[in-house]
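We number each residue from 1, following the sequence as shown. For clarity, every value in this text was computed on a predicted model and none was experimentally measured.
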Amino acid sequence: MGDGDDRPVAGFLEAEAEAEAEAEAEAEAEAGLGAAPDGAVVDDPAGSDDPVDPVDPVDPVESVESVGNDEDDVHTAEEPQGDRVREMALPDAVSEALTNALTILRRSVTDLSFGLDLPGAEEARRTQSEILAQLDDYVIPRVHMSTAPALVVVAGSTGAGKSTLLNTLANAKVSATGVRRPTTGTPVLACHPDDHEWFAEGGLLGSLRRQEAPDPKAAPGSLVLVSTERLPPGVALLDTPDIDSVVEEHHEIAHRMLDTADLWIFVTTAARYADAPAWRLLRLAKERGARLAIVLSRVPPKSREVVTKHFFRMLAEYGLGEVDRFVINESKVADGMLPDHEVTELRLWLTELSVDDQRRAQAVQATLSGVLDSFRTRIPALARQLEAQVVFRSDLRGDVDAAYAGAMAEIEEATRNGSLLRGEMLARWQDFAGSGDLMRTLHLRKPGRFAGKASHQAPERLSALKSALRAGVESVIISAAQRAAEEVVSRWLHRPGAGETLAATPGLGHASDELLRRTGRTVAAWQEHIIELIRTEGVTKRAVARLVSFDVESLSLIFAIGLLGDGSAEAESAFTGALPQRLVHALLGAESLRNIGAKARSDLRARIGMLFDDEMARYVQALDGAGIPDESAAIRLHQATYSLEVAR
């Protein structure tokens, strides 16, 4: 074991040793005089006073200062067996700053929503879930419990022998084994009895429900917690489901457990060490900066040298030549356990890790720092997906705005070019004007006579003309709204993925059922507004006003018809043939006519705009329902990431 690893090992320390003996052992370890992993004595080739394995400079999260003379600066973990664990907790100021920054980061990540199925959205959702689980189950608890026992995850592919290895190290069948695959479905955490309380109370892996024994019927999110005297204090082993399990749920649990570990023990076999799943996991460990040990199991004794040489060369080429490595021969498994001598070196490695507080603290802090380092790329990746979602939402909203802006332009053109004065409306106008009803609505009165007494009942033809006008305007509005709805859906369908999904929302492909009723009220209100304009602003020539009496409603109707023609040849022919232009000018005046026309058009445009706002709200509601983030979400993520870097 330990090929390529020249790090010193502190050796075994007795729990009840005197403080002087502990100091002497630490001094020997720093001088590089401990036993190497393979049992050889490691000397400093340069003869310097530096240790063989100096601690690399790390950031405030990684750094743990050596135990000094000032006991007030040391936070010693309380244990039933004296002062065995002497590693320092993070200083209170550092812990508080990190906790605040991590809390802000967690809140920012929790609030994210990737509602549109854009490229990368599914990966972003998965990353979001992984980061939240990692923050809750590992990062935040580890910052608070920096002196808690090291959590070592045992991971590997299907049939690698993870559970068998754990049972052997624990000297008890704590995890199920067998030929059926997959075997392990619920994670199993085994620790020394002195450490049981650390994991029973929550904190690390706090979101998982504890149970005392494996249960095939256990609900997802469970954790089997067992204790055994054969495992050294300060180190806990976590058996996980297979990383390449055919059960998707097991696959997800395995990766979640890897995200909550201080160290990884990767288990593979002589027959499968070159498989892709194994190297994907090793690449992940390398990316996360996790402290790693590798177990190559089921190695035939006759081909041990060839297999190990090839495997170790692959590790070196992959940049993992310095990791701790252990080889287990192909052996007979009895009662779910290997012969104990096959795991002697691995057990020694765990024991050394247990008693060497500094080494264990360095491993824990290095992994924690690696996880925090990974946020530098994982969080910005979420922000980029958020930005893509926001941009896509803007494009989708732009499709809605463009479609209804086109509909509004279509309506304005239809109310100017005289197209409304065709068909039934033109026939009603000609019938009304040709029958003499038009002139009867405009009549002379004697001076001094109160005009209000000259009331009369509007002819039936006037009511029919008014209804035809209303129906014509309604038809133009509804037809334009229908085409706008169809255009929005068509535009969204041409945006693959998310656009197609949103376009399938029921009802978006046509105008709303309420539009017809609302449009009728809108046009009627517009006609009433024109009457009010005629009444308050229409008569500007007092001399004519003293001589001529007219019906306001009739005149407003005539004015509306002229407004909808707006000078087109067909409208002018129909209008001037029945009512001379000089009469309109005489009654209203040129300036008043222009003012009323501008106000009437502006009022109609505003009323149709409100109708379209209601129609467009359906699409905005669909976008909001998809869970598309607002524009500030990505900014908050970047700010949270920066705050975390400052806290570190």
request  = Give the intermediate values and the outcome of side chain to side chain contact (heavy atoms under 4.5 Å, CB included) for residues Leu502 and Leu116.
outcome  = CA-CA 9 Å; Leu502 288 170; Leu116 298 178; 3.7 Å; yes
request  = Evaluate the side chain to side chain contact (heavy atoms under 4.5 Å, CB included) criterion for residues Leu102 and Leu135: first the C-alpha distance (whole Å), next the side-chain angles of each, then the deciding distance (0.1 Å), finally the verdict.
outcome  = CA-CA 8 Å; Leu102 289 169; Leu135 287 171; 3.9 Å; yes
task = Mind running side chain to side chain contact (heavy atoms under 4.5 Å, CB included) on Gln385 and Leu112 for me, showing each step along the way?
result = CA-CA 10 Å; Gln385 178 60 217; Leu112 302 182; over 6 Å; no
task = List the steps, then state whether salt bridge (Lys or Arg N to Asp or Glu O under 4.0 Å) holds for Glu645 with Arg648.
result = CA-CA 5 Å; Glu645 290 300 310; Arg648 295 179 65 186; 3.6 Å; yes
request  = List the steps, then state whether side chain to side chain contact (heavy atoms under 4.5 Å, CB included) holds for Thr186 with Arg209.
outcome  = CA-CA 11 Å; Thr186 302; Arg209 295 181 298 275; over 6 Å; no
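In plain terms, the two heavy atoms of Thr519 and Ile478 that are nearest each other are OG1-CG1, 4.0 Å. Nearest heavy atom pair, residue Ala480 against residue Ala407, reads O-CB, 3.6 Å. Leu204 and Pro141 get closest at one heavy-atom pair: N-CB, 3.7 Å. Shortest non-hydrogen contact noted between Ala414 and Asn417 is O-OD1, 3.3 Å. When all heavy atoms of Gln128 and Phe114 are compared, the pair lying nearest together is OE1-CE1, 3.7 Å. Contact between Val489 and Gly509 at its shortest, heavy atoms only, is CG2-CA, 3.5 Å.
Formation of a donor-acceptor pair under 3.5 Å by the Ser394 side chain with backbone atoms of Val390 is not found in this model. Using modelled atom types, one side-chain atom of Ser374 and one backbone atom of Val371 make a donor-acceptor pair closer than 3.5 Å. Side-chain atoms of Trp526 come within 3.5 Å of backbone atoms of Ala600 as a donor-acceptor pair (strictly under, hydrogens ignored). In this structure a side-chain-to-backbone donor-acceptor pair under 3.5 Å is present from Thr415 to Ile411. The main-chain N or O of Gly115 is found under 3.5 Å from a side-chain atom of Gln389 such that the two form a donor-acceptor pair.
Considering Ile131, Thr110, Asn100, Ile379 in turn, Ile379 is the only one that fulfils the side chain to side chain contact (heavy atoms under 4.5 Å, CB included) rule with Leu105.
Salt bridge present: Glu532 and Arg535 bring a charged side-chain N and a carboxylate O closer than 4.0 Å. Between Asp395 and Arg491 there is no salt bridge, since none of the side-chain N atoms of the basic residue sits less than 4.0 Å from a carboxylate O of the acidic one.
Sorted by first then second residue, the ring-ring contact (aromatic ring centres under 6.0 Å, His included) pairs that include residues 615-637, not counting sequence neighbours, are Trp492-Tyr619. Evaluation of the salt bridge (charged side-chain N to carboxylate O under 4.0 Å, His left out) test over residues 377-392, restricted to residues two or more places apart or in two chains, returns none. Residue pairs that meet the ring-ring contact (aromatic ring centres under 6.0 Å, His included) test with at least one member in residues 501-521, sequence neighbours left out, do not exist here.
In this structure, CD1 on Ile104 lies 11.0 Å from OG1 on Thr99, to the nearest 0.5 angstrom. Rounding to the nearest 0.5 angstrom, the gap separating the CG atom in Leu557 from the CG atom in Leu465 is 4.5 Å. One distance of note links CD of Gln211 with CG of Leu223; it measures 8.0 Å at 0.5 Å rounding. Going from atom OG1 of Thr103 over to atom CD1 of Ile140 covers 5.0 Å, rounded to the nearest 0.5 Å. Remark: Ser108 OG to Leu644 CG distance equals 11.0 Å, nearest 0.5 Å. One finds the CG atom of Leu611 at 8.5 Å from the CE atom of Met408 (value rounded to the nearest 0.5 Å).
In this view, Glu412 and Arg605 satisfy the side-chain hydrogen bond (donor to acceptor under 3.5 Å, both in side chains) rule, not counting sequence neighbours. The side chain to side chain contact (heavy atoms under 4.5 Å, CB included) check on Ser479 picks up Ser475, Arg483, with sequence neighbours excluded. Considering only residues two or more places apart in sequence or on other chains, Tyr138 meets the ring-ring contact (aromatic ring centres under 6.0 Å, His included) condition with none of them. Legend: residues meeting salt bridge (charged side-chain N to carboxylate O under 4.0 Å, His left out) with Asp401, ordered by chain and number and at least two apart, are Arg397. Residues passing the salt bridge (charged side-chain N to carboxylate O under 4.0 Å, His left out) test with Asp603 are Arg607, sequence neighbours excluded. Applying the side chain to side chain contact (heavy atoms under 4.5 Å, CB included) test to Ser207 and every residue at least two apart in sequence or in another chain returns Asp137, Arg256. Not counting sequence neighbours, the partners of Glu122 by the salt bridge (charged side-chain N to carboxylate O under 4.0 Å, His left out) test are Arg125. Among residues two or more places apart in sequence or in another chain, the ring-ring contact (aromatic ring centres under 6.0 Å, His included) test is passed with Tyr404 by Phe612. With sequence neighbours left out, Asp111 forms a salt bridge (charged side-chain N to carboxylate O under 4.0 Å, His left out) with no residue at all.
Two residues are said to be in side-chain contact when any heavy atoms from C-beta on lie closer than 4.5 Å; Val620 and Val400 fail this criterion. Between Arg210 and Leu205, the closest side-chain pair of non-hydrogen atoms falls below 4.5 Å. Contact annotation: the side chain of Thr240 never approaches that of Leu258 to less than 4.5 Å [non-hydrogen atoms, C-beta and beyond]. In this structure the side chain of Arg416 reaches within 4.5 angstrom of the side chain of Arg601, judged on heavy atoms. Side-chain contact between Thr367 and Arg142 is absent, with no heavy atoms from C-beta onward closer than 4.5 Å. Inter-residue side-chain proximity for Arg106 and Asp136 is flagged as met; some heavy-atom pair is nearer than 4.5 Å.
In this structure, His638 places its NE2 atom where more than 12 heavy-atom neighbours from other residues, nucleotides or ligands lie under 6.0 Å away.
Side-chain N/O atoms of Ser512 and Glu615 include a donor and acceptor closer than 3.5 Å. Arg618 and Thr505 are not linked by any side-chain donor-acceptor pair at a separation below 3.5 angstrom, with hydrogens and angles left out of the test.
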